[in-house]
Amino acid sequence: MEIIKTHYNRRSFIKVSATAGGGLVVGFNWLMSSCSPGDEKLGGLALPDNWFDINAYLKIGNNGVVTIYSQNPEIGQNVKTAMPMIVAEELDVDWGKVIVEQAPLNSEKFNRQVAGGSQSIRQEWKALRTAGATARRMLMEAAAQQWNVPVTELTTENSTIKHSSGKSIGYGEVASLAATLEMPEEIELKDPKDFKLIGRPTKNVDGKKVIKGEPIFGLDIKRDGMLIAMVVHAPAFGMRPKSVADSEARTMPGIKDVFIINSFPEGVERQWADVSAFPELVVVVGTSTWEVMKAKKALKVEWETTSKPMNTDEYDQALSALLDKKAETPARKDGNPDEAFKKAAKVVERTYSAPFLAHNTMEPMNFFAHVTADRAELVGPIQTPAALRTSVSRVLNLPEENVTVDMTRQGGGFGRRLYGNFGVEAAVISKRVNAPVKLVYTREDDMTQGTYRPAYKVKYSAALDKDNNLIGLKIRGVGILESPVFANRFPAGAVDNYLVENHSLESNITIGAWRAPRSNFIAVAEQSFLDEVAEAAGKDPIDFRLELLERATTKPVGERNDYDPARYAGVLKLIREKSGWNGQKNGLSRGVSAYFCHNSYVAQVVDLEMKDGKPLIQKVWCAADCGIVVNPEGAINQIEGCVVDGIGHAMYSAMTFKEGVPDQSNFHNYKLIRNSEAPREIECFFVENGIDPTGLGEPGLPPIGAALANAIYSATGKRLTTQPFAQTDLVNIERM
Amino acid sequence: MATFKLHVNGKTREVDVSPDTPLLWVLRDSLDLAGTKYGCGIAQCGACTVHLNGEAVRSCALPISAVADGKVVTIEGLSEKGDHPVQKAWEEADVMQCGYCQSGQIMSAAALLKKNPAPSDEEIFTAMNGNICRCGTYMRIREAIKKASAMS
Ligand code: FES
Ligand code: FES
């Protein structure tokens, strides 16, 4: 049990509207909630006649049905189930009587409404627990008043308040009184060992809506008088529209207007989320999607070049050249690396590279906007609703409080929807046509105007002494607009002589965060390299890593080491045990990898065989340390997804450019992993340590590419260093 | 523009659209059946899968003029209450992450099981490889198909 002061984010717990009747609220939002009309989800209970607002996170109906608001965008990371579970745990409510509703953007009520960095659970853990516990306490106080007994004689269980005398009362019956009470100054949080819901595998709250095909995504929005808008962006990065000949398009059926916009005009202050290579766009507006798609093709646009359109090959050469260049100031230097390499008995060196990647959320970018003289209403899929509100308010010159942003369920995010250029575009278009508008990107639009994962390269050099100790490590990372290397992550702290240097290249190709930014590449490189160094040192790859982590624990080098070596070692030990690392392999080839990012630790072992030069992955073993696992069902699903996604992109995917024009535009020439290419089996294990939880939307992805590469090496004797791996011929070197 | 009579989910619906309009956009824009999803528009991702006379087809690449008097079933018409064995299995296996690809996955799986009630792994791959899931829920998709197969 933990006593905490509710001053923590008090604004969330103070009633926002002092409505007559004390917190009585009306209305119910079918679209944003987990419940459909006629749904049996509520264990036979109907929707309540009256709802009582207890705090920003929940309202309670007179029949005991509870609505819990999920504040963060739901992009498939399953926070819409997990975050309300945390509230429900402390509220001690029957999960079967809970409806979850997506909260709109409300920065007054909520700390942070972002889907990014795997931070939802970690950052809101305390606030969500406090919300549930505060409400529980208010319900108990209401019951105490009603029964005229001290609140200390009351306990709660499953939506019911019990008195020591044996009488009991449901939450719904005291909700109206509870809603009028002052918020308690202090509340108790449960002891984690008493958790009943947290830790219980719980199904996705929107599962029923999804299997029935209900219109819950941004692309499904439909409003009276709504027009469909589509954009045509320049064919190449480094170009913009000069003029458009639209006479044919304008006469096509259903077409209302054609014009050019600038979604980020000169003079408007830009923020980090305002990434767009194509702020100037040709827009077609009409009454139906297909008609607008056809009209787009009938446009004749003249383009002009604004900066040099680039080729992938040129980038590749420029990055390789940078790899040979010393950095003026290293990102980190411990000891004397040059000296260590001079003394080395053995040196291992390897360069790794990876291409640009598109996000390719299955739901392409889209947004609804309705802009009137003094307001802007935005609805759609966005990972950063607050940033979108700011951008729209700046571009339209409206006060922020006149801009609202509602979030639909989102058909994937992976970082693409951190950058809400499409939302701003929808707003600008709606204002121009003076009508509600849904902006829709085709797949081609989506793939060819990305905020891509940039191309990276990294060169690792390791120095071993004659006793096979790692005495020196040099890492030089280069990339488009950013280096992939995190200087203070493992193996920093485990090597006496350590050097990190970074370089980056300018580019007019826009880049952005892509699921586990930078980690998604550097983990693959680093963990492949450590495998090779372990081999050179004649050591088992897990033992070798554990040795380094032991060194980082007992005698760490430097002070800014961004990981906990004991937890890191913990997942390696767990995977060693669970996968039977030292035991039988059933004739399969194995590879191991481990990484720490976004506050969670993950180790993986891949078991595969080679068939016709292709890896057939029989099993992936995963061990994760994310502290307390809120929803094991969702957690396992996330790790499975990360594994499949990570394998797919390491194996198959790439964006390339010629004269600034993307070579890939749709799924016929951009390959995503398919069902039969995913592992036959994935098994997940979690370290149980009772530590406050951290996220899992990303940490399962970075290491898997290396576990795969290391297993392929063990099968074929070929070290894979260039992604996508499928481009390497593995037939002719196969030794199995 | 032309008038078409369509048989969708057991009802006859009339629409006035140009003959080259893909069935996908007729369903989504004209008939308010938005459960069928747009993912690529070129028959590569499976998000738009519906049944035409019991066969799984990609509605994004099927012009309305080619549907003629074929019987179309969409995710909304697979069952009345969302209790088709495949839907139940999908819920039980908690397949979805973002959920966007899942109506297409479900329609492909339902068509497979109708023809082949106990498919082998290889048969599952062949039927399901046309449906992309960027979230990577393939393991659970296979598991749910096996569950549904056991149910029916
Ligand atoms: S939208 Fe039809 S297959 Fe992709
Ligand atoms: S669940 Fe997200 S694309 Fe399949």
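For clarity, every value in this text was computed on a predicted model and none was experimentally measured.
Looking at B:Asp94, its side chain never comes within 3.5 Å of a backbone N or O of A:Lys203 through a donor-acceptor pair. Judged purely by atom type and a 3.5 angstrom limit, B:Tyr138 has no side-chain atom pairing as donor or acceptor with the backbone of A:Gly641. With hydrogens and angles disregarded, no donor-acceptor distance shorter than 3.5 Å links the side chain of A:Asn675 to the backbone of B:Asn129. Here the side chain of B:Arg134 pairs no donor or acceptor atom with the backbone of A:Met362 at under 3.5 angstrom.
The distance from atom CZ of A:Phe414 to atom SG of B:Cys135, rounded to the nearest 0.5 Å, is 4.0 Å. The CD1 atom of A:Ile673 lies 10.5 Å from the SG atom of B:Cys133; values are rounded to the nearest 0.5 Å. Taking OH from B:Tyr38 and OG1 from A:Thr289, the interatomic distance works out to 10.0 Å, rounded to the nearest 0.5 Å. How far OG of A:Ser676 is from CE of B:Met128: 11.5 Å, rounded to the nearest 0.5 Å.
A salt bridge links A:Asp220 with B:Lys37: the distance from a Lys NZ or Arg NE/NH1/NH2 to an Asp or Glu carboxylate oxygen falls below 4.0 Å. A salt bridge does not link B:Asp121 to A:Arg680: none of the charged nitrogens lies less than 4.0 Å from a carboxylate oxygen. Using a 4.0 Å cut-off between charged side-chain N and carboxylate O, B:Glu91 and A:Lys212 make no salt bridge.
For chain B, the nearby part of A:Thr202 is the backbone; its heavy atoms alone come within less than 4.5 Å. With a 4.5 angstrom heavy-atom cutoff, A:Gln410 touches chain B only via backbone atoms. Heavy atoms closer than 4.5 Å to chain A are found in the side chain of B:Ser18, but not in its backbone. Of the two parts of A:Ile636, the backbone and the side chain both hold a non-hydrogen atom closer than 4.5 Å to a non-hydrogen atom of chain B. For A:Thr287, no part lies under 4.5 angstrom from a heavy atom of chain B. Interface residue B:Ile132: backbone and side-chain heavy atoms are both found under 4.5 Å from chain A. Contact of A:Met447 with chain B is not made at all, since no heavy-atom distance falls under 4.5 Å. For a residue to count as touching a neighbouring chain, one of its non-hydrogen atoms must lie under 4.5 Å from one of that chain's; by this rule B:Ala93 touches chain A with the backbone only. Looking at B:Val95, only its backbone comes within 4.5 Å of chain A, counting heavy atoms on both sides. Looking at A:Tyr441, the atoms closer than 4.5 Å to chain B (heavy atoms on both sides) all sit in the backbone: N, CA, C or O.
Across B:Tyr100 and A:Gly411, no two heavy atoms sit closer than the pair CB-CA, 3.7 Å. Nearest heavy-atom pair, B:Cys98 versus A:Gly412, reported as atom, atom and distance to 0.1 Å: CB-N, 3.3 Å. Contact detail for B:Met139 and A:Ala678: the closest heavy-atom pair is SD-CB, 4.4 Å. The minimum heavy-atom distance between A:Gln638 and B:Gln97, with the atom names listed, is NE2-OE1, 3.7 Å.
A 6.0 Å sphere centred on NZ of A:Lys256 holds no more than 12 heavy atoms belonging to other residues, nucleotides or ligands. Atom NZ of A:Lys222 has more than 12 neighbouring heavy atoms from other residues, nucleotides or ligands inside a 6.0 Å radius. Heavy-atom neighbours of A:Glu681 CD from other residues, nucleotides or ligands within 6.0 Å: above the threshold of 12.
Listed options B:Ser103, B:Gly35, B:Gly99, B:Ala43 were ranked by heavy-atom pairs under 4.5 angstrom with chain A; first place goes to B:Gly99. Contacts with chain B were tallied for A:Glu363, A:Glu444, A:Glu677; A:Glu363 has the most, counting heavy-atom pairs under 4.5 Å. The choice from A:Val643, A:Asn78, A:Ile211 that makes the most heavy-atom pairs within less than 4.5 Å of chain B is A:Ile211. By number of non-hydrogen pairs under 4.5 angstrom with chain B, the leading residue of A:Leu219, A:Leu672, A:Val440 is A:Leu219. Among B:Ile75, B:Asp20, B:Val26, the residue making the largest number of heavy-atom pairs under 4.5 Å with chain A is B:Asp20.
By the 4.5 Å heavy-atom criterion applied to side chains, A:Glu291 and B:Trp25 are not counted as neighbours.
Under the 3.5 Å distance criterion, with hydrogens and angles disregarded, no donor-acceptor pair is assigned to the side chains of B:Asp29 and A:Ser288.
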